[in-house]
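The next block holds one structure in the form of structure tokens; read it before the comments.
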Amino acid sequence: MAIELLLRERKSLIRERLRTNGRVLAADLARELNVSDDTIRRDLREMAAAGLCERVYGGALPIAPDAGSLSERAALAPERKAVLARASVGFIERGMTVFVDAGSTNLAIARVIAPDLTATIVTNTPLIASALMEKPGLDLILIGGPLDRAVGAAVGARAQRDAALLRPDLCLLGTCGADAEAGLTAFHFEDAEFKRLIASRSRSVLAAITTDKLGTAAPHAVVGIDAGSTLILEADAPEAEIAAFTARGARVVLAGERAG
């Protein structure tokens, strides 16, 4: 009973640290709680299996927020996503081929693309294609295959074969979690696989990320944060997260500020 109580107390403290600090390090927790590193690693494995955190090298991160289907996510914080969209859309230049990945913030970006912009937009997401249909300057390509309802997009073998034939100038990449060490992550395996493929085929990658996703991770890795990354963040993004991203070479633009 005493051992079980100590286990519950440790896990309760770890959850509190995740809520207040974000990332936790196994070595720090072991020193604080006067237990072995192996004990903490076992605790973190059990918590990750229960969906309470996401294991990363040396410790754990909070689970990325999962707000349901694409339509449901699009209805959340639309004003915040509109600000990110306005900061992102300027990166789409005339004559570009741009891949717009599944995501509620990317849907907001699609909605603010100027109707007279001449560019080729490729997407695997019917809701995004629908938002672009009445913009006559765009050449619109919808790649296909079976739709993953949870993702709101085609991400399976057929979509991946189509994506492998593309060479976009810019990829607007959707992400479920974002952390300097864990990189950009996704909840669904095939979605992460598709995102990795299209990012690797693109000359540059941009991700517009709401603050609630910063310092969190989902189960499946997509891409790391590096000099090829442009991250559009909200004005309230924590300075520590911004510093960690820039330390890895990423270009960080705060929505509402002029891109440099």
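A quick note: this is a predicted structure, and the numbers were derived from the prediction, not measured.
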Identified side chain to side chain contact (heavy atoms under 4.5 Å, CB included) partner of [X] from the options [options]:
| X | options | value |
| --- | --- | --- |
| L13 | R17, E9, R15 | R17 |
| K195 | N124, V205, L173 | L173 |
| L172 | V98, I121, D101, T123 | V98 |

Return yes if a side-chain donor-acceptor contact under 3.5 Å exists between [X] and [Y], otherwise no.
| X | Y | answer |
| --- | --- | --- |
| T210 | D212 | yes |
| R94 | T118 | yes |
| S104 | K81 | yes |

Do [X] and [Y] come within less than 4.5 Å of each other through their side chains, counting heavy atoms only?
| X | Y | answer |
| --- | --- | --- |
| K11 | L44 | no |
| C171 | L206 | no |
| H188 | V155 | no |
| T120 | I141 | yes |
| L132 | I113 | yes |
| S202 | L170 | no |
| I209 | I232 | no |
| T175 | V222 | no |

Could you grab the distance from atom [atom1] of [X] to atom [atom2] of [Y], nearest 0.5 Å is fine?
| X | Y | atom1 | atom2 | result |
| --- | --- | --- | --- | --- |
| K213 | L184 | NZ | CG | 10.0 Å |
| R23 | C53 | CZ | SG | 12.0 Å |
| T105 | R80 | OG1 | CZ | 9.0 Å |
| H220 | E190 | NE2 | CD | 10.5 Å |
| L52 | I14 | CG | CD1 | 10.0 Å |
| D179 | L214 | CG | CG | 9.0 Å |

Legend entry - Salt bridge flag under 4.0 Å for residues D162 and R158: yes
Legend entry - Pairing of R248 and D226 as salt bridge, 4.0 angstrom limit: no
If hydrophobic clusters are built by linking Ile, Leu, Val, Met, Phe, Trp and Tyr wherever their side-chain heavy atoms come under 4.5 Å apart, do [X] and [Y] end up in the same one?
| X | Y | value |
| --- | --- | --- |
| M47 | I40 | yes |
| L117 | F91 | yes |
| V223 | L166 | yes |
| L147 | V151 | no |
| V100 | I92 | yes |

Legend entry - Geometric class of the F99/F194 ring pair [parallel <30°, tilted 30-60°, perpendicular >60°]: tilted
Kindly give the heavy-atom pair with the smallest separation between [X] and [Y], and that separation in Å.
| X | Y | result |
| --- | --- | --- |
| A159 | A154 | CB-O, 3.3 Å |
| I128 | G103 | CD1-O, 4.3 Å |
| A131 | A110 | CB-CB, 4.3 Å |
| A218 | F187 | CB-N, 3.7 Å |
| T216 | C176 | OG1-O, 4.2 Å |
| T125 | L142 | N-CD1, 3.8 Å |

Inset, instruction - Kindly indicate, with the supporting measurements, whether the criterion side chain to side chain contact (heavy atoms under 4.5 Å, CB included) is fulfilled by I225 and E181. - result: CA-CA 7 Å; I225 304 295; E181 292 190 25; over 6 Å; no
Inset, instruction - Only counting residues at least two apart or in another chain, list the ones meeting salt bridge (Lys or Arg N to Asp or Glu O under 4.0 Å) with E54. - result: none
Legend entry - Criterion side chain to side chain contact (heavy atoms under 4.5 Å, CB included) on T97 and R167, from CA distance to verdict: CA-CA 8 Å; T97 296; R167 188 61 171 151; over 6 Å; no
Legend entry - R19, CZ atom: more than 12 neighbouring heavy atoms under 6.0 Å: yes
Legend entry - Other residues, nucleotides, ligands: >12 heavy atoms within 6.0 Å of D116 CG: yes
Legend entry - Chi angles and distances behind the side chain to side chain contact (heavy atoms under 4.5 Å, CB included) call for L233, T211: CA-CA 7 Å; L233 307 182; T211 299; over 6 Å; no
Inset, instruction - Determine yes or no for a side-chain-to-main-chain donor-acceptor pair under 3.5 angstrom, with S12 supplying the side chain and R8 the backbone. - result: no
Inset, instruction - I would like to know whether E193 and R196 meet salt bridge (Lys or Arg N to Asp or Glu O under 4.0 Å); could you show each step before the answer? - result: CA-CA 5 Å; E193 189 175 29; R196 281 195 301 274; 5.2 Å; no
Inset, instruction - Could you please spell out the steps behind the side chain to side chain contact (heavy atoms under 4.5 Å, CB included) verdict for M133 and L140? - result: CA-CA 8 Å; M133 282 290 292; L140 181 59; 3.9 Å; yes
